[in-house]
Amino acid sequence: MTTLLITFTFISLIILSIFILLQKDIEQSVILFMGFSLGSTILFFLFSAPDVALTEAVIGAGISGFIFLSSIIQTINKRTKKSCNA
Amino acid sequence: MLKKNISLETIVISLFISFMIVLILGVLQNITLTQNSLGMELLKINESTTQSANAVTSVVTYFRGLDTLGEVTILFLAIFGISLGIDRSRPSKILNIFEEDNFLLKFGMKIIFPLIILFGFYIILHGHLSPGGGFQGGVIIASGFLLMFLAKENNFNLNHKILTIFESFSGVGFVLFGVLGFVLVNNFLGNFLPLGVLGNFFSGGVISIIYVFVGIKVASEITVLVEYFMKIKDEGKTND
(Lines give C-alpha, C1' and ligand atoms only; values in the text may rest on other atoms or scores of the structure.)
Protein backbone atom coordinates (compact mmCIF):
# COMPACT_ATOMS: atom_id res chain seq x y z
CA MET A 1 0.00 0.00 0.00
CA THR A 2 2.76 2.43 0.95
CA THR A 3 4.75 1.45 -2.13
CA LEU A 4 1.70 2.17 -4.30
CA LEU A 5 1.22 5.58 -2.66
CA ILE A 6 4.91 6.44 -3.06
CA THR A 7 4.83 5.44 -6.74
CA PHE A 8 1.67 7.48 -7.37
CA THR A 9 3.11 10.55 -5.61
CA PHE A 10 6.39 10.22 -7.45
CA ILE A 11 4.74 10.03 -10.88
CA SER A 12 2.43 12.95 -10.17
CA LEU A 13 5.40 15.02 -8.95
CA ILE A 14 7.27 14.31 -12.20
CA ILE A 15 4.22 15.32 -14.27
CA LEU A 16 3.80 18.45 -12.15
CA SER A 17 7.46 19.40 -12.63
CA ILE A 18 7.06 19.08 -16.43
CA PHE A 19 4.02 21.39 -16.15
CA ILE A 20 6.15 23.87 -14.16
CA LEU A 21 8.90 23.88 -16.80
CA LEU A 22 6.49 24.36 -19.72
CA GLN A 23 4.59 27.21 -18.04
CA LYS A 24 4.67 30.52 -19.95
CA ASP A 25 3.52 32.74 -17.08
CA ILE A 26 6.23 32.85 -14.40
CA GLU A 27 3.81 33.67 -11.55
CA GLN A 28 1.69 30.62 -12.33
CA SER A 29 4.84 28.56 -12.45
CA VAL A 30 5.80 29.77 -8.95
CA ILE A 31 2.37 28.83 -7.59
CA LEU A 32 2.73 25.38 -9.16
CA PHE A 33 6.19 25.14 -7.62
CA MET A 34 4.63 25.68 -4.21
CA GLY A 35 2.24 22.84 -5.03
CA PHE A 36 5.26 20.73 -5.97
CA SER A 37 6.75 21.40 -2.53
CA LEU A 38 3.49 20.27 -0.93
CA GLY A 39 3.65 17.05 -2.95
CA SER A 40 7.24 16.42 -1.92
CA THR A 41 6.14 16.95 1.69
CA ILE A 42 3.81 13.98 1.27
CA LEU A 43 6.66 12.01 -0.31
CA PHE A 44 9.03 12.76 2.59
CA PHE A 45 6.31 11.75 5.04
CA LEU A 46 5.76 8.46 3.22
CA PHE A 47 9.52 7.86 3.39
CA SER A 48 9.11 8.18 7.20
CA ALA A 49 11.11 11.41 7.47
CA PRO A 50 8.63 13.74 9.24
CA ASP A 51 11.35 16.22 10.27
CA VAL A 52 12.32 16.86 6.64
CA ALA A 53 8.63 16.93 5.67
CA LEU A 54 7.94 19.70 8.19
CA THR A 55 10.91 21.73 6.91
CA GLU A 56 9.82 21.27 3.30
CA ALA A 57 6.24 22.29 4.11
CA VAL A 58 7.30 25.54 5.79
CA ILE A 59 10.26 26.52 3.58
CA GLY A 60 9.14 25.18 0.20
CA ALA A 61 5.44 25.88 0.28
CA GLY A 62 5.60 29.04 2.40
CA ILE A 63 8.66 31.26 2.52
CA SER A 64 10.44 30.42 -0.76
CA GLY A 65 7.27 30.83 -2.84
CA PHE A 66 6.73 34.24 -1.28
CA ILE A 67 10.34 35.25 -1.99
CA PHE A 68 10.01 34.18 -5.65
CA LEU A 69 6.72 36.10 -6.03
CA SER A 70 8.20 39.20 -4.41
CA SER A 71 11.25 39.06 -6.70
CA ILE A 72 9.04 38.69 -9.79
CA ILE A 73 6.88 41.66 -8.76
CA GLN A 74 9.95 43.81 -8.10
CA THR A 75 11.67 42.96 -11.40
CA ILE A 76 8.55 43.43 -13.55
CA ASN A 77 8.71 46.08 -16.26
CA LYS A 78 5.76 48.42 -15.85
CA ARG A 79 5.62 49.56 -19.49
CA THR A 80 5.63 46.21 -21.19
CA LYS A 81 3.94 44.41 -18.26
CA LYS A 82 6.43 41.61 -18.70
CA SER A 83 9.08 40.28 -16.40
CA CYS A 84 12.65 41.23 -17.27
CA ASN A 85 13.87 37.69 -17.76
CA ALA A 86 10.92 36.51 -19.84
CA MET B 1 -1.71 25.34 -19.06
CA LEU B 2 0.50 23.34 -21.36
CA LYS B 3 1.90 24.85 -24.54
CA LYS B 4 -0.15 23.99 -27.60
CA ASN B 5 2.79 22.72 -29.66
CA ILE B 6 3.91 20.04 -27.22
CA SER B 7 4.94 17.03 -29.26
CA LEU B 8 4.29 13.35 -28.72
CA GLU B 9 8.04 12.85 -28.40
CA THR B 10 8.24 14.94 -25.22
CA ILE B 11 5.44 12.97 -23.59
CA VAL B 12 7.02 9.63 -24.51
CA ILE B 13 10.42 10.73 -23.17
CA SER B 14 8.94 12.03 -19.94
CA LEU B 15 6.93 8.84 -19.42
CA PHE B 16 10.10 6.82 -20.01
CA ILE B 17 12.02 8.92 -17.47
CA SER B 18 9.27 8.50 -14.88
CA PHE B 19 9.22 4.74 -15.51
CA MET B 20 12.98 4.60 -14.95
CA ILE B 21 12.71 6.61 -11.75
CA VAL B 22 9.99 4.32 -10.42
CA LEU B 23 12.25 1.35 -11.20
CA ILE B 24 15.11 2.97 -9.27
CA LEU B 25 12.68 3.66 -6.44
CA GLY B 26 11.72 0.00 -6.32
CA VAL B 27 15.38 -0.94 -6.05
CA LEU B 28 15.92 1.67 -3.35
CA GLN B 29 13.05 0.29 -1.28
CA ASN B 30 14.78 -3.05 -0.86
CA ILE B 31 17.87 -1.44 0.69
CA THR B 32 17.72 -1.62 4.46
CA LEU B 33 20.03 -0.27 7.11
CA THR B 34 22.87 -2.70 7.61
CA GLN B 35 24.04 -3.53 11.09
CA ASN B 36 27.40 -1.83 10.72
CA SER B 37 26.20 1.49 9.30
CA LEU B 38 26.64 4.79 11.11
CA GLY B 39 22.89 5.31 11.43
CA MET B 40 22.39 2.05 13.30
CA GLU B 41 25.31 2.85 15.60
CA LEU B 42 23.83 6.28 16.41
CA LEU B 43 20.39 4.73 17.05
CA LYS B 44 21.99 2.21 19.43
CA ILE B 45 23.81 4.76 21.57
CA ASN B 46 21.01 7.36 21.36
CA GLU B 47 19.03 6.09 24.33
CA SER B 48 22.00 5.74 26.67
CA THR B 49 23.65 9.08 25.82
CA THR B 50 20.86 11.63 25.26
CA GLN B 51 17.48 10.15 26.37
CA SER B 52 15.81 12.03 23.50
CA ALA B 53 12.74 10.37 21.97
CA ASN B 54 13.47 11.94 18.56
CA ALA B 55 16.74 10.46 17.30
CA VAL B 56 17.06 13.07 14.53
CA THR B 57 17.12 15.85 17.11
CA SER B 58 19.88 14.19 19.11
CA VAL B 59 21.94 13.78 15.93
CA VAL B 60 21.43 17.43 14.95
CA THR B 61 22.19 19.03 18.31
CA TYR B 62 24.31 16.48 20.17
CA PHE B 63 26.26 14.18 17.84
CA ARG B 64 26.61 16.87 15.13
CA GLY B 65 26.18 19.97 17.27
CA LEU B 66 29.17 21.76 15.77
CA ASP B 67 27.64 21.37 12.29
CA THR B 68 24.45 23.01 13.53
CA LEU B 69 26.51 25.94 14.82
CA GLY B 70 28.03 26.29 11.34
CA GLU B 71 24.59 26.05 9.74
CA VAL B 72 23.22 28.83 11.94
CA THR B 73 26.28 30.95 11.11
CA ILE B 74 25.73 30.39 7.38
CA LEU B 75 22.09 31.48 7.69
CA PHE B 76 23.19 34.61 9.56
CA LEU B 77 25.76 35.41 6.85
CA ALA B 78 23.16 34.87 4.11
CA ILE B 79 20.73 37.33 5.73
CA PHE B 80 23.62 39.75 6.28
CA GLY B 81 24.52 39.57 2.59
CA ILE B 82 20.92 40.26 1.55
CA SER B 83 20.79 43.23 3.93
CA LEU B 84 23.94 44.63 2.28
CA GLY B 85 22.36 44.35 -1.15
CA ILE B 86 19.16 46.17 -0.22
CA ASP B 87 19.22 49.95 0.03
CA ARG B 88 17.16 50.78 3.10
CA SER B 89 17.28 54.55 2.62
CA ARG B 90 15.11 54.52 -0.51
CA PRO B 91 11.41 55.38 -0.27
CA SER B 92 9.61 52.11 0.26
CA LYS B 93 6.10 50.76 0.56
CA ILE B 94 4.71 47.39 1.54
CA LEU B 95 4.26 44.98 -1.35
CA ASN B 96 0.65 44.82 -2.49
CA ILE B 97 -0.10 41.31 -3.67
CA PHE B 98 -3.87 41.66 -3.50
CA GLU B 99 -5.79 44.25 -5.50
CA GLU B 100 -7.74 45.62 -2.55
CA ASP B 101 -7.92 45.10 1.20
CA ASN B 102 -8.90 41.52 1.86
CA PHE B 103 -11.61 41.39 4.54
CA LEU B 104 -11.26 37.66 5.21
CA LEU B 105 -7.47 37.91 5.53
CA LYS B 106 -7.63 40.94 7.81
CA PHE B 107 -10.06 39.46 10.31
CA GLY B 108 -8.94 35.85 10.04
CA MET B 109 -5.39 36.99 10.76
CA LYS B 110 -6.38 38.17 14.24
CA ILE B 111 -7.48 34.63 15.11
CA ILE B 112 -4.79 32.69 13.25
CA PHE B 113 -1.66 34.77 14.08
CA PRO B 114 -1.49 33.86 17.83
CA LEU B 115 -2.19 30.23 16.95
CA ILE B 116 0.70 30.16 14.45
CA ILE B 117 3.08 31.66 17.04
CA LEU B 118 1.88 29.14 19.64
CA PHE B 119 2.33 26.27 17.18
CA GLY B 120 5.85 27.47 16.36
CA PHE B 121 6.84 27.54 20.04
CA TYR B 122 5.25 24.10 20.50
CA ILE B 123 7.37 22.71 17.64
CA ILE B 124 10.51 24.29 19.13
CA LEU B 125 9.90 23.12 22.71
CA HIS B 126 8.87 19.58 21.75
CA GLY B 127 11.77 19.09 19.31
CA HIS B 128 13.25 16.30 21.41
CA LEU B 129 9.93 14.43 21.65
CA SER B 130 8.16 14.79 18.29
CA PRO B 131 9.16 15.71 14.71
CA GLY B 132 10.36 19.27 14.34
CA GLY B 133 12.78 21.39 16.25
CA GLY B 134 14.41 24.79 16.31
CA PHE B 135 14.72 25.47 12.61
CA GLN B 136 11.21 24.35 11.65
CA GLY B 137 9.53 26.12 14.56
CA GLY B 138 11.48 29.30 13.89
CA VAL B 139 10.38 29.41 10.28
CA ILE B 140 6.76 28.74 11.34
CA ILE B 141 6.94 31.81 13.63
CA ALA B 142 8.40 33.83 10.75
CA SER B 143 5.55 32.69 8.47
CA GLY B 144 3.14 34.09 11.07
CA PHE B 145 4.84 37.47 10.66
CA LEU B 146 4.59 37.04 6.88
CA LEU B 147 0.81 36.68 7.32
CA MET B 148 0.86 39.86 9.42
CA PHE B 149 2.64 41.71 6.59
CA LEU B 150 0.19 40.37 3.99
CA ALA B 151 -2.79 41.59 6.02
CA LYS B 152 -1.09 45.02 6.47
CA GLU B 153 -2.47 45.30 9.98
CA ASN B 154 -2.08 48.95 11.10
CA ASN B 155 0.89 49.39 8.73
CA PHE B 156 2.74 46.71 10.69
CA ASN B 157 6.39 47.56 11.35
CA LEU B 158 9.11 45.49 12.95
CA ASN B 159 11.12 46.74 15.90
CA HIS B 160 14.64 46.04 14.71
CA LYS B 161 16.25 46.77 18.08
CA ILE B 162 14.31 43.98 19.82
CA LEU B 163 14.95 41.59 16.91
CA THR B 164 18.69 42.32 17.02
CA ILE B 165 18.76 41.70 20.78
CA PHE B 166 16.89 38.37 20.39
CA GLU B 167 19.10 37.28 17.49
CA SER B 168 22.45 38.13 19.07
CA PHE B 169 21.59 36.84 22.55
CA SER B 170 20.42 33.49 21.18
CA GLY B 171 23.59 33.19 19.10
CA VAL B 172 25.74 34.03 22.11
CA GLY B 173 23.71 31.60 24.24
CA PHE B 174 24.36 28.77 21.77
CA VAL B 175 28.13 29.32 21.90
CA LEU B 176 27.99 29.85 25.68
CA PHE B 177 26.33 26.46 26.22
CA GLY B 178 28.95 24.89 23.97
CA VAL B 179 31.76 26.45 26.02
CA LEU B 180 30.01 25.43 29.28
CA GLY B 181 29.98 21.85 28.02
CA PHE B 182 33.66 22.18 27.17
CA VAL B 183 34.46 23.45 30.68
CA LEU B 184 32.23 21.04 32.66
CA VAL B 185 32.40 17.74 30.74
CA ASN B 186 35.46 18.42 28.53
CA ASN B 187 33.41 18.23 25.32
CA PHE B 188 32.21 21.14 23.18
CA LEU B 189 28.36 21.20 23.25
CA GLY B 190 28.52 18.25 25.63
CA ASN B 191 25.69 17.40 27.98
CA PHE B 192 26.08 18.60 31.58
CA LEU B 193 22.42 18.55 32.67
CA PRO B 194 20.46 15.58 34.12
CA LEU B 195 19.12 13.42 31.32
CA GLY B 196 15.67 12.62 32.75
CA VAL B 197 13.38 9.84 31.54
CA LEU B 198 12.85 9.04 27.85
CA GLY B 199 9.58 10.60 26.68
CA ASN B 200 9.16 13.15 29.47
CA PHE B 201 9.12 16.86 28.68
CA PHE B 202 12.17 17.49 30.88
CA SER B 203 14.46 15.03 29.18
CA GLY B 204 17.33 15.08 26.77
CA GLY B 205 19.50 17.34 28.89
CA VAL B 206 21.01 20.23 26.95
CA ILE B 207 19.25 19.41 23.64
CA SER B 208 16.00 21.31 24.19
CA ILE B 209 17.81 24.41 25.51
CA ILE B 210 20.06 24.55 22.44
CA TYR B 211 17.02 24.11 20.21
CA VAL B 212 15.27 27.03 21.91
CA PHE B 213 18.30 29.21 21.08
CA VAL B 214 18.33 27.97 17.47
CA GLY B 215 14.59 28.56 17.16
CA ILE B 216 14.69 32.17 18.39
CA LYS B 217 17.70 32.92 16.17
CA VAL B 218 16.11 31.43 13.04
CA ALA B 219 12.74 33.11 13.76
CA SER B 220 14.26 36.59 14.03
CA GLU B 221 16.49 36.10 10.99
CA ILE B 222 13.75 34.81 8.68
CA THR B 223 11.39 37.55 9.92
CA VAL B 224 13.95 40.18 8.88
CA LEU B 225 14.36 38.38 5.53
CA VAL B 226 10.58 38.47 4.97
CA GLU B 227 10.57 42.20 5.77
CA TYR B 228 13.37 42.84 3.25
CA PHE B 229 11.36 41.15 0.53
CA MET B 230 8.07 42.72 1.63
CA LYS B 231 9.16 46.36 1.36
CA ILE B 232 9.52 47.33 -2.30
CA LYS B 233 10.60 50.54 -4.02
CA ASP B 234 7.89 53.18 -4.06
CA GLU B 235 7.85 54.64 -7.56
CA GLY B 236 5.36 57.35 -6.68
CA LYS B 237 7.76 58.97 -4.23
CA THR B 238 10.89 59.09 -6.40
CA ASN B 239 11.64 62.45 -7.96
CA ASP B 240 13.99 61.41 -10.76
Side-chain angles (χ1 to χ4, degrees), chain A residues 1-25 27-32 34 41 43-79, chain B residues 1-6 10-11 13-15 17-26 28-30 54-57 59-60 82 86 95-97 116 120 123 127 130-133 135-147 149-150 218 222-223 225-226 228-233 235:
Chain A
M1 184 62 196
T2 318
T3 318
L4 201 68
L5 263 175
I6 287 172
T7 317
F8 176 72
T9 320
F10 220 104
I11 292 172
S12 32
L13 277 183
I14 290 165
I15 294 169
L16 186 61
S17 58
I18 292 167
F19 260 92
I20 293 169
L21 285 175
L22 295 176
Q23 205 66 237
K24 260 202 165 172
D25 191 359
E27 292 173 22
Q28 278 188 27
S29 142
V30 168
I31 300 291
L32 279 178
M34 289 158 84
T41 303
L43 198 63
F44 282 132
F45 187 74
L46 289 175
F47 276 136
S48 61
D51 292 82
V52 189
L54 203 56
T55 315
E56 181 69 30
V58 182
I59 294 282
I63 302 285
S64 77
F66 160 72
I67 285 174
F68 282 144
L69 273 183
S70 167
S71 313
I72 288 167
I73 290 172
Q74 291 188 49
T75 52
I76 212 159
N77 195 339
K78 284 278 191 277
R79 269 166 293 184
Chain B
M1 298 292 279
L2 275 171
K3 273 187 194 171
K4 287 273 164 54
N5 55 358
I6 176 167
T10 321
I11 298 171
I13 289 172
S14 55
L15 279 178
I17 291 170
S18 53
F19 175 70
M20 287 303 289
I21 288 173
V22 168
L23 258 183
I24 293 165
L25 197 71
L28 275 176
Q29 278 226 306
N30 293 327
N54 188 3
V56 177
T57 306
V59 168
V60 167
I82 291 171
I86 288 180
L95 181 70
N96 200 1
I97 287 181
I116 290 177
I123 293 278
S130 57
F135 188 76
Q136 290 92 328
V139 182
I140 286 173
I141 292 173
S143 71
F145 282 102
L146 169 62
L147 185 69
F149 273 118
L150 284 178
V218 169
I222 304 282
T223 308
L225 175 74
V226 164
Y228 282 146
F229 277 89
M230 203 71 207
K231 290 203 167 159
I232 61 170
K233 197 164 90 178
E235 270 128 6

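Numbered from 1 within each chain, the chains take letters A, B, ... in sequence-line order.
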Q.
Please classify the contact of B:Val139 with chain A as side chain, backbone, both or neither, using a heavy-atom distance under 4.5 Å.
A. both
**Q.** Donor-acceptor under 3.5 Å (A:Ser12 side chain, A:Phe8 main chain)
**A.** yes
Q: Go through the steps for B:Leu150 and B:Met230 under the test side chain to side chain contact (heavy atoms under 4.5 Å, CB included), then give the verdict.
A: CA-CA 9 Å; B:Leu150 284 178; B:Met230 203 71 207; 3.8 Å; yes
Q) Does any heavy atom of chain B fall under 4.5 Å from the side chain of A:Leu54, the backbone, both, or neither of them? A) both
**Q.** Proximal component of A:Ile11, with respect to chain B [non-hydrogen, under 4.5 Å]
**A.** side chain
Q: Could you tell me which of A:Val52, A:Ile15, A:Ile14, A:Leu13 has the largest number of non-hydrogen atom pairs under 4.5 Å with chain B?
A: A:Ile14
Q: Examine whether an atom of B:Phe135 lies under 4.5 Å from a heavy atom of chain A, and if so say whether it belongs to the side chain, the backbone or both; otherwise answer neither.
A: side chain
Q | Spacing of A:Lys24 atom NZ and A:Ser29 atom OG [to the nearest 0.5 Å] | A | 14.0 Å
Q. Are more than 12 heavy atoms from other residues, nucleotides or ligands located less than 6.0 Å from atom OH of B:Tyr228?
A. yes
Q. Side chain, backbone, both or neither: which part of B:Leu146 has a heavy atom under 4.5 Å from chain A?
A. side chain
Q. Does B:Thr223 reach the main-chain N or O of B:Ala142 with its side chain, forming a donor-acceptor pair under 3.5 Å?
A. no
Q.
Taking side chain as everything from C-beta outward and backbone as N, CA, C, O, which of these in B:Leu225 sits under 4.5 Å from a heavy atom of chain A? Side chain, backbone, both or neither.
A. side chain
Q. Judged by atom type as modelled, is there a donor-acceptor pair below 3.5 Å linking the side chain of B:Thr57 to the main-chain atoms of B:Gly127?
A. yes
